[in-house]
Amino acid sequence: MRVKPIVLSIDDDPGFRKIVEAVLTGFGLYVRSVPTVDRFLRLMSELRPDLLLIDLNIPGANGLELVKTVSDKLNTESMVMVISGVKDKELIARSLEAGANDFLFKPLERVLLATKLSQFIRTRELLDHGAERKAINDENISEAKLDFEGQIDEVDEAGIRFRSATLITNGTVLKVNSELFRKMGVKDGKCMITVTNTWIADGMTYGGYGEFDGMDAEFLQSIRRWLAGKAAG
Amino acid sequence: MISSECNNERLIGFIMSLMKDKDILIIDDSSDVRYLIRRVLESDGAQISEAPTCDYALSSINKIVPHLIVLDLVMPGRSGYDFLLARKSNSRIANVPVVVLTGKKDRDSVLQAAAFGITSYILKPFTALVLLKKVRGALKLTSALKRKLGEEDNDCKRATFSVKSSILEINEGGCRIEAPVKIAGQVHLDGEMVGNLGLTELFMKSGPRAKYITEGRYTNEIFFAGMGEQHAKKIRGYLKELR
């Protein structure tokens, strides 16, 4: 186990590299930053870093490709954070899909960077203290219901628009449990939806639309009664 | 040839979806007319409810809010005009489109009804084709009811989403799961193994490095927080048994 977590950063701007080195060293991390992809990849196999900071807009290189290459090579304990000079949500979404864990925008806010780093250090400690994990191969016992939180933003006759920090794959069938449905007269407050669309809502949350799935006429009528009752009131 | 068939199918699909499962309320004193309309509209996939009088119709709205109302203007007792007047001040149905039925010689009454904001009219006697055309046309014009949740809904807009996942690896520090989501923040797991291990009472938080596998599925790291020695012992014992 290494004592000092290693950070490797790639950015073509020397001024930016300096700032990153200063902030990260202040956190007790060992930092190396480089301007080119070649040196980045060489150092990566040499140092086996714990955290990688990747600038998505390096001239002469494809940032997304790099994220993908890096994610495929890394061991699962390492973390990839992408940095973008433009607030391009599409680009961020694709880099998250390519394997990035987190993202930051330039100009870099020191406080935000510091918060993300301390989060990273904490999770690293947890991982280091964990013993070897045991693989579960029996499907009967490995199945588990996963719950996560979100918020409903809009309701229509066919479904709900919602927000969550968790990204849900289109086509996923989910059970939704909310006080809102109870308020509408649905006794157990639950319904099923199929997610048909997702997008980045803001910062760290995703938006999504889910169509009611396999709900009976009584449920749909409860929704309609509530919507109609509110429409003019 | 093939493409035109496809287009027809898409068109039919569109028309069917327009009518499918839509609640339509027929208000007419003649049970024969109601039966006729029901037959035609039901064949298109609509859900029909009938009312022989205006009063009956108004009370039925408390149970079912229709997507469309077919209304006979001339009825004994309270007429179709009375219903249109009542509709204006009833928030439930104020925006529900109305198609009125009226006798052929009674074009003036259509103009009168138009003042109440009807969507279209059908002159009696009518054919099935005219009925379908008018009703489909009226449904096409109406948009689905929709509501943004505001401040007043703050107490109830929180939701818990549940999805099936499978646990790939576990130890006393946490587990790795596979699911069609990339999780962030606090989560909760429930199932046979987690239940047996008494882990459902723990806090669980997503870790870094969720990884995309294939077909929209991810592996996610989950950390257990609030783990006591008792839990840890249980997990170690359980894992030994599995071996």
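To find a chain, count down the sequence lines: A is the first, B the second, and so on, and within it residues start at 1. Please read all numbers here as calculations on a predicted model, not as lab measurements.
- Rounded to the nearest 0.5 angstrom, B:Asp23 CG and B:Ile69 CD1 are separated by 11.5 Å.
- By the 6.0 Å contact criterion, CD on A:Glu218 is open, its count of non-hydrogen atoms from other residues, nucleotides or ligands being 12 or less.
- Applying a 4.5 Å heavy-atom cutoff, the residues of residues 165-178 of chain A that approach chain B are A:Ala165, A:Thr166, A:Leu167, A:Ile168, A:Thr169, A:Thr172, A:Val173, A:Leu174, A:Lys175, A:Val176, A:Asn177, A:Ser178.
- Interface check for chain B: of the options A:Glu157, A:Arg224, A:Arg182, the most heavy-atom pairs under 4.5 Å are formed by A:Arg224.
- Chain A forms the most heavy-atom pairs under 4.5 Å with one residue out of B:Gly216, B:Pro180, B:Gly150, B:Gly191, and that residue is B:Pro180.
- Atom CD1 in B:Ile222 sits 4.0 Å away from atom CG in B:Leu189 (nearest 0.5 Å).
- Across B:Gly80 and B:Leu71, no two heavy atoms sit closer than the pair O-CD2, 3.6 Å.
- Residues of residues 156-163 of chain B placed with any heavy atom under 4.5 Å of a heavy atom in chain A are listed by number as B:Cys156, B:Lys157, B:Arg158, B:Ala159, B:Thr160, B:Phe161, B:Ser162, B:Val163.
- Of all heavy-atom pairs between A:Phe40 and A:Ser9, the closest is CE1-C, 4.0 Å.
- Of the two parts of A:Phe162, only the side chain, counted from C-beta on, holds a non-hydrogen atom closer than 4.5 Å to a non-hydrogen atom of chain B.
- Here the OH-CZ distance, from B:Tyr56 to B:Arg78, works out to 16.0 Å after rounding to the nearest 0.5 Å.
- When each of B:His67, B:Glu192, B:Lys164 is scored by its heavy-atom pairs under 4.5 Å with chain A, the top score falls to B:His67.
- In this structure, the portion of A:Ala100 lying under 4.5 Å from any heavy atom of chain B is its backbone and not its side chain.
- For the set B:Val187, B:Val194, B:Ile64, the count of heavy-atom pairs under 4.5 angstrom toward chain A peaks at B:Ile64.
- Using a 4.5 Å cut-off between heavy atoms, B:Asn62 contacts chain A through its backbone alone, with no side-chain atom that close.
- Among A:Leu180, A:Leu220, A:Ile223, the residue with the largest count of heavy-atom pairs under 4.5 Å with chain B is A:Leu180.
- Shown here for B:Ile27 and B:Thr53, the closest heavy-atom pair between the two residues is CG2-O, 4.0 Å.
- B:Asn220 approaches B:Ile183 most closely through the heavy-atom pair OD1-N, 3.0 Å.
- Ring geometry for B:Tyr212 versus B:Tyr218: interplanar angle over 60°, hence perpendicular rather than tilted (30 to 60°).
- Annotation: the span from A:Met215 atom CE to A:Met192 atom CE amounts to 8.5 Å, rounded to 0.5 Å.
- In terms of heavy-atom pairs under 4.5 angstrom with chain B, the leader among A:Glu143, A:Gln221, A:Gln151, A:Glu179 is A:Gln221.
- Ion pairing between B:Glu152 and A:Lys183 fails under the 4.0 Å rule for side-chain N and carboxylate O.
- For a residue to count as touching a neighbouring chain, one of its non-hydrogen atoms must lie under 4.5 Å from one of that chain's; by this rule B:Ile177 touches chain A with the side chain only.
- Between atom OG of residue B:Ser206 and atom NZ of residue B:Lys182 there is a gap of 10.5 Å, rounded to the nearest 0.5 Å.
- Heavy atoms only, all atoms of each residue included: A:Met184 and A:Trp226 are closest at CE-CE3, 3.3 Å.
- Note that OG of B:Ser49 is 9.0 Å distant from CD1 of B:Ile24, once rounded to the nearest 0.5 Å.
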